Peer 1: 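There's a structure below that I have some questions on.
Numbered from 1 within each chain, the chains take letters A, B, ... in sequence-line order. Being a predicted model, the structure only gives us computed values, none of them experimental.
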Protein chains: 2
Amino acid sequence: MDELDSAIVRELQQDARQTNRSLAQKLGVAPSTCLERVRLLHRRGVVRGYHADIDPAALNRPVEAFVSVQLRPPSRQVIEGFKAAMFALPEVLAVYVVAGEQDFLVHVSVPSLDTLHSFLIDRLTQRREVTSFRSQIIYDSARKHVVAPLD
Amino acid sequence: MDELDSAIVRELQQDARQTNRSLAQKLGVAPSTCLERVRLLHRRGVVRGYHADIDPAALNRPVEAFVSVQLRPPSRQVIEGFKAAMFALPEVLAVYVVAGEQDFLVHVSVPSLDTLHSFLIDRLTQRREVTSFRSQIIYDSARKHVVAPLD
DNA sequence: AAGCCGTGGCGAATAGTGTTCGGAACCAGC
DNA sequence: GCTGGTTCCGAACACTATTCGCCACGGCTT
């Protein structure tokens with residue numbers, strides 16, 4: 001993970017579809033060298049994949065929210081089961097198992113507030129391991145696509 | 001946004017680097033057709049970009065957390081200023097302006113618990129608009145890369 | 001110091017790919 | 001049935017990915 005690798009990672013985070021040639025040119029190395037580095041980053045698991053970023057509105061999902069959930073009991077089995085169940089739901093974008101008063105943070109995106117309400121009462125209230133939950137509508141958000149190494 | 005567009009969006013979310021030819025073959029259309037559709041999705045803003053997914057551990061950021069922050073006063077100016085200030089910090093992955101008791105949810109990733117602590121006391125406690133905050137360490141997470149349209 | 005060897009980068013060659021563009025097919029509306 | 005618009009197609013061409021033999025460099029041993 002030298003300077004060249006970091007630069008490749010940075011560039012591919014910014015634009016994963018740029019050609020290997022332009023990438024090589026930007027970094028001042030031969031295309032063949034660049035290609036080999038990219039493949040190594042893949043094999044080492046540094047690069048986990050390439051994904052298109054899609055506007056949620058185009059997918060009819062303009063409303064986003066975080067739902068904090070508390071479970072009982074917070075055993076491995078309950079946690080794993082709940083995590084898998086949430087992740088399988090189409091409304092769910094991401095699932096986070098966290099420390100603190102709440103055990104879970106579930107990131108959801110839905111077509112409307114009605115849909116969100118339905119999600120809460122049909123998919124959460126239903127489950128017996130859920131003791132309480134609280135939802136936070138997302139008014140505005142900003143996510144980074146390029147993350148630099150720290151230290 | 002017909003069936004073909006949806007299929008393209010699905011495929012490009014899964015693998016943004018696949019060739020236009022293989023994409024066209026999977027969907028049963030000519031490469032030229034496929035290319036034109038992809039460009040249109042771009043121009044319409046449906047596809048916002050293509051990004052490599054990088055292992056946080058490789059960037060020396062194995063510890064992740066959500067920090068909920070409450071601001072005073074929750075005016076537009078304070079919110080916008082805080083949002084911009086957080087987003088500019090290298091530790092921050094994403095910023096969410098939310099409804100509820102807390103006003104902000106800040107997703108951070110750092111090299112260690114020490115670094116997280118430093119972040120909290122140096123970057124948050126410092127700011128006078130921050131009245132309180134609470135951090136939730138992320139034990140485990142799962143994020144979807146392919147999101148389907150709802151309804 | 002000389003020789004050896006592993007590593008990593010390079011560049012030419014080839015197979016494969018993106019991109020363009022003229023034409024064909026389809027569908028409304030009149 | 002004609003017209004205008006839209007969409008898709010496929011061949012052609014420029015460009016790109018990928019391979020592979022070669023070379024330079026740096027660390028070892030002798």
Peer 1: Considering only nitrogen or oxygen atoms on both sides, find all protein atoms under 3.5 Å from nucleotides 15-17 of chain D and state each distance.
Peer 2:
residue: D:dA17; atom: OP1; partner: A:Asn20; partner atom: N; Å: 2.4
residue: D:dA17; atom: OP2; partner: A:Asn20; partner atom: N; Å: 3.4
residue: D:dA17; atom: OP2; partner: A:Arg21; partner atom: N; Å: 3.1
residue: D:dA17; atom: N7; partner: A:Arg21; partner atom: NH1; Å: 3.2

Peer 1: For A:Asp5 and C:dT7, what is the distance between atoms CG and P respectively, to the nearest whole Å?
Peer 2: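 Distance check: A:Asp5 CG to C:dT7 P gives 16 Å.
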Peer 1: Expressed as a whole number of angstroms, how long is the span from B:Glu3:CD to D:dC8:P?
Peer 2: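 These atoms are roughly 13 Å apart.
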Peer 1: Rounded to whole angstrom units, what separation is found between the CG atom of B:Leu23 and the P atom of C:dG18?
Peer 2: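 Rounding to the nearest Å, CG of B:Leu23 and P of C:dG18 are 9 Å apart.
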Peer 1: For B:Glu36 and C:dC21, give me the distance from atom CD to atom C1', rounded to whole Å.
Peer 2: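 The distance from CD of B:Glu36 to C1' of C:dC21 comes to 12 Å, rounded to the nearest Å.
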Peer 1: What I want to check is whether the side chains of A:Lys26 and A:Gln18 have a donor and an acceptor closer together than 3.5 Å.
Peer 2: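 Per modelled atom types, A:Lys26 and A:Gln18 side chains form a pair under 3.5 Å.
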Peer 1: If you define the side chain from C-beta out and look only at heavy atoms, does anything of A:Val110 sit under 4.5 Å from A:Arg61?
Peer 2: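 Of all side-chain heavy-atom pairs linking A:Arg61 with A:Val110, none is under 4.5 Å.
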Peer 1: Can you tell me how far OH of B:Tyr96 sits from NE2 of A:His107, rounded to the nearest 0.5 angstrom?
Peer 2: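 It is 5.0 Å, given to the nearest 0.5 Å.
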Peer 1: Whole-Å distance between C:dT19 C1' and B:Arg39 CZ?
Peer 2: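 That distance rounds to 6 Å.
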Peer 1: Check whether any side-chain nitrogen or oxygen of B:Arg37 sits under 4.0 Å from OP1 or OP2 of D:dT7, and answer yes or no.
Peer 2: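 Indeed not, no polar side-chain atom of B:Arg37 lies that close.
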Peer 1: With the 4.5 Å side-chain cut-off for hydrophobic clustering, are A:Leu89 and A:Phe133 part of the same group?
Peer 2: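 Yes, because A:Leu89 and A:Phe133 connect within a single hydrophobic cluster, where side-chain heavy atoms sit under 4.5 Å apart.
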Peer 1: Would you say that more than 12 heavy atoms from the other residues, nucleotides or ligands in this model lie under 6.0 Å from the CZ of A:Arg134, or not?
Peer 2: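 Enclosed: over 12 neighbouring heavy atoms sit under 6.0 Å from CZ of A:Arg134.
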Peer 1: What integer distance in Å separates A:Ile8:CD1 from C:dG9:C1'?
Peer 2: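 Taking atom C1' of C:dG9 as the reference, CD1 of A:Ile8 is at 12 Å.
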Peer 1: Run the ring-ring contact (aromatic ring centres under 6.0 Å, His included) test on B:Tyr50 and A:His145 for me, step by step, so that the C-alpha distance in whole Å, both residues' side-chain angles and the decisive distance to 0.1 Å come before the verdict.
Peer 2: CA-CA 9 Å; B:Tyr50 306 98; A:His145 296 290; over 10 Å; no
Peer 1: Taking atom types as they are modelled, would you say the side chain of A:Ser32 forms a donor-acceptor pair with the base of C:dG9 within the 3.5 Å cutoff?
Peer 2: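 Answer no: no donor N or O sits under 3.5 Å from an acceptor.
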